[in-house]
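Notes follow once the structure below has been shown.
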Amino acid sequence: MKPLRLILHWANIHWQLFSEYRLGAFAWIINGLVGPLLMMTIWLVVAQHSSLAYNRSQIITYYILTIFVSRLTQAWSTSHVGRSIRDGRFSRTIIQPYHYLVEELGTTLGLKAIRFFTLIPIAVILYCLFHHDFSITFSTSKLCLFILALLLGFAINFYYRNTLAMLVFWLEEYYSLDALSSLASQAFSGNLIPLALAPPLFVSVMKYTPFRFFVSFPIEVVINQTITLQAFQGFSVGIIYLVVFLCVHQVLYHHGLKHYGAYGN
Amino acid sequence: MPRTQTLLCHWRLMIKRYFKLWVSFARNSLSREMEFRTHFVGQIFTSICWAFVTIFLFEILFSTTDSIAGWSKGQVMMIYAIQRFATTIFSFAFRRNLSLLSHIINSGEFDYYLTRPVNTFFLTFTRYIAFDRISHLFVGLGVLYYSTHLEHISWTTPKISMLITVAFLGAMLRLALNVLIHTPIFWVQKLENLDRVELTFFTTARFPRQAFPPILKYLFTFVLPIFFVASIPAEIILAKISWSNIFLLFFICSVFFIFSYHFFSFALRHYSSASS
């Protein structure tokens, strides 16, 4: 229970911190909307003159779901933890009587809570614009699988970003790491190119990267008419990635602490 | 005549002074960047990778269709190349300063900017130069070569001059729009993710304006003139519209730049120091 109380405590701190600057939420709304809507517009223009695997309704449904799914599976640990290692604030974290991941998870959940509320005006705008074209049928089993896929996507993203952050112990550089990981995520997660519209070689690579679980996999679970074997295969691959990142993170953290020079403060 | 000569002499001295100041900023920025070589190389590598992702996206789009809103692959690549050139100038000369604006206001460092015997607008937006952004130029040249090869464009001196001019005007327009987006920091104090807003909006600049529905076309042409950064200049260079539209581009750029300068000056009057 104590780790849970600590996580909620840190989440509350960051909720209050970011609530002080509410206008920043406007920027988050814009950031969350413009990218997916831009790609949706382009794919709709392409679909007018060629036959794609997705029809108009499916393209619109895919990109609307992208807005919500990417927001719910997001994590920012590479820059948070990386920066704190680089400027020495990590020293204060490691002397606490709990693992640093407790504080980081609390911080991430606090940020997510703030950003979750920015989804409400986004949902209203999108409903007004696209409710005729949005087509999805939810069953109880599909909804449960969707929630599980979201939780899996978030867990993989969280541990992936924290694993990358551990490299800062040696590299002393977090900005490029964060930028490169965001780039890979953008390219392979399904944010730009839906799996169904990608060429076969790209699909075969994308299917086995962890980035797919950040956006594409939860959406595939929902969009597909029936729950297929592919969904269960996807979950298996996701769990394997989660276990791999968990183990690699622990090893890097253990060795990184020995190498840590406590810069800055 | 003597009054005109005095004015001209005064302007020449001022331009020389500010140019020398900018060169010293550049020298200082380069030495700072060379202190952190890993970061420098990482930034160059990242920007090249981002460019490859965008080109890859275009390749996938054009594997399913011959044209997007009447634009062929080579023509869309031209838009992207022009966007890269404008981004090179903007990111090299101004972007880092915009990212730091929130920090320097909140930390009180902006007080020193106000007390210097230099125009505050100039000092605020040219203090730091980002040499790692030169990579955008090489990306732009590569994409331009690809576009030239696909469209069989023959480059003449007027066309090259026009390309350089539209890239420069695109960069100044982007600076003006960014100043307008970032200036509310003087009232709000903490708006650190404005960079992402600007970047998000400018991703629309890499696509032809004809691909967008009428309301967005209007919005991004007249309200937030993002299409004047790359799409409309590409139409001028590819002779899709008359070359005289370059004067319209110059006019739009000037209007927004002057407006952003005055808006920034107005915001300075509302600045209250965070204590240094």
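All heavy atoms count here, side chains included; hydrogens, waters and symmetry mates do not. Chain identifiers are assigned alphabetically (A, B, ...) following the order of the sequence lines, protein sequences preceding nucleic acid strands; residue numbering begins at 1 within each chain.
B/C49 is listed as a side-chain neighbour of B/F45, based on a closest heavy-atom distance under 4.5 Å. Residues B/F228 and B/F256 form no side-chain contact, since every pair of their non-hydrogen atoms from C-beta on lies 4.5 Å or further apart. B/V53 places none of its side-chain heavy atoms less than 4.5 Å from the side chain of A/F188.
Neither the backbone nor the side chain of B/S63 comes within contact range of chain A; no heavy atoms are under 4.5 Å apart. The contact between A/Q186 and chain B is made entirely by side chain atoms (from C-beta outward), counting heavy-atom distances below 4.5 Å. Proximity to chain B (any heavy atom under 4.5 Å) is restricted, for A/I193, to the side chain, taken from C-beta onward. At a 4.5 Å heavy-atom cutoff, B/F62 makes no contact with chain A through either its backbone or its side chain. The contact between A/L183 and chain B is made by backbone and side chain atoms together, counting heavy-atom distances below 4.5 Å. Only the backbone of A/L197 comes within less than 4.5 Å of a heavy atom in chain B; its side chain stays farther off. Proximity to chain B (any heavy atom under 4.5 Å) is restricted, for A/F202, to the side chain, taken from C-beta onward.
Below 30°, between 30° and 60°, or above 60°: for B/F266 and B/W187 the angle between ring planes is between 30° and 60°, a tilted geometry.
Contact tally against chain A (heavy-atom pairs below 4.5 Å) for B/L57, B/T54, B/L216, B/T38: the top residue is B/L57. Among the candidates B/T65, B/V41, B/T46, the residue making the largest number of heavy-atom pairs closer than 4.5 Å to chain A is B/T46.
For an aromatic pair to be called close, the ring centres must be under 6.0 Å apart, and B/F94 with B/F125 fails this.
Donor-acceptor pairing under 3.5 Å is lacking for the side chains of A/T61 and A/Y54.
When each of B/W71, B/F220, B/F202, B/F58 is paired with B/F207, the ring-ring contact (aromatic ring centres under 6.0 Å, His included) condition holds for B/F58 and for no other.
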